[in-house]
Amino acid sequence: DAKTTQPTSMDCAEGRAANLPCNHSTISGNEYVYWYRQIHSQGPQYIIHGLKNNETNEMASLIITEDRKSSTLILPHATLRDTAVYYCIVRVMDSNYQLIWGAGTKLIIKP
Amino acid sequence: NAGVTQTPKFRVLKTGQSMTLLCAQDMNHEYMYWYRQDPGMGLRLIHYSVGEGTTAKGEVPDGYNVSRLKKQNFLLGLESAAPSQTSVYFCASRGPKDGYTFGSGTRLTVV
């Protein structure tokens, strides 16, 4: 599985867009990029995933570079409730896929 | 539709005692997982199941056993608890190409 590199921590002002980067330079053609987040003491929450096209849902946008070696998760209008650890995971989406969890990025939204 | 429910939410055990953690899902998912999470770390896979009656070892299976007698339930057992098993335990389930849905966790302390 391709490895991912994320910053350990980031700050963002409330109401601003939070942009969380992820490097996955060894990603292969059939590997998807997944994003999850974990709010303190809770179970992780699925945010979004994509293969090569940019994706958007009600929670966030995922921007994947053309060479697929990096991606950015965008929370368009961050709120205090978005303070969490964000995990970027790369994995093949076959029927038996499993996710390998790294340490993630601690995002702190400041008032 | 409750999603994934874990019981109990908290438990304190003495070294050598046994206990069973219950995970129940109502989404008709085939795949179920047990993870542990230690402070400041990502999730580590203990055991998983790809369907009723099946189980498989994950990254850190030693000291744990599991059973999947019914599709909706996945049980995690500790036969002889050790202080090293003090952790937060998360259960998750997913469909064939769905994101993971996690429970709210069980906080276990072994003294």
Undergrad: Where does R107(B) contact chain A at under 4.5 Å (heavy atoms): side chain, backbone, both or neither?
TA: side chain

Undergrad: Enumerate by number any residue of residues 86-93 of chain B whose heavy atoms lie under 4.5 Å from heavy atoms of chain A; in the absence of such residues, state 'none'.
TA: F90(B)

Undergrad: Decide whether Y33(B) and Y64(B) are clustered together by the hydrophobic rule: side chain heavy atoms of Ile, Leu, Val, Met, Phe, Trp, Tyr closer than 4.5 Å, transitively.
TA: no

Undergrad: Hydrophobic cluster membership, with links at side-chain heavy-atom distances under 4.5 Å among I/L/V/M/F/W/Y: are Y31(B) and F74(B) in one?
TA: no

Undergrad: At a 4.5 Å cut-off on heavy atoms, which part of L45(B) comes close to chain A: side chain, backbone, both, or neither?
TA: side chain

Undergrad: Taking the side chain as everything from C-beta on, heavy atoms only, tell me whether Q38(A) gets closer than 4.5 Å to L43(B).
TA: yes

Undergrad: Treating Ile, Leu, Val, Met, Phe, Trp and Tyr as nodes and any side-chain heavy-atom pair under 4.5 angstrom as an edge, say whether Y48(B) and L76(B) lie in one connected cluster.
TA: no

Undergrad: Inspect the surroundings of CD in E52(B) and state if more than 12 heavy atoms from other residues, nucleotides or ligands are less than 6.0 Å away.
TA: yes

Undergrad: Please find the pair of heavy atoms, one from Q37(B) and one from Y87(A), that lie closest to each other, and give the distance.
TA: NE2-OH, 3.4 Å

Undergrad: Is the ring centre of W101(A) less than 6.0 Å from the ring centre of F102(B)?
TA: yes

Undergrad: Measure across Y36(A) and Y100(B) and return the closest heavy-atom pair with its distance rounded to 0.1 Å.
TA: OH-N, 2.7 Å

Undergrad: If Ile, Leu, Val, Met, Phe, Trp and Tyr residues are connected whenever their side-chain heavy atoms lie under 4.5 Å apart, and connections chain through other members, are W35(A) and I63(A) in the same group?
TA: no

Undergrad: Given the rule that I, L, V, M, F, W and Y join up when any side-chain heavy atoms are under 4.5 Å apart, are Y35(B) and M19(B) in one cluster?
TA: no

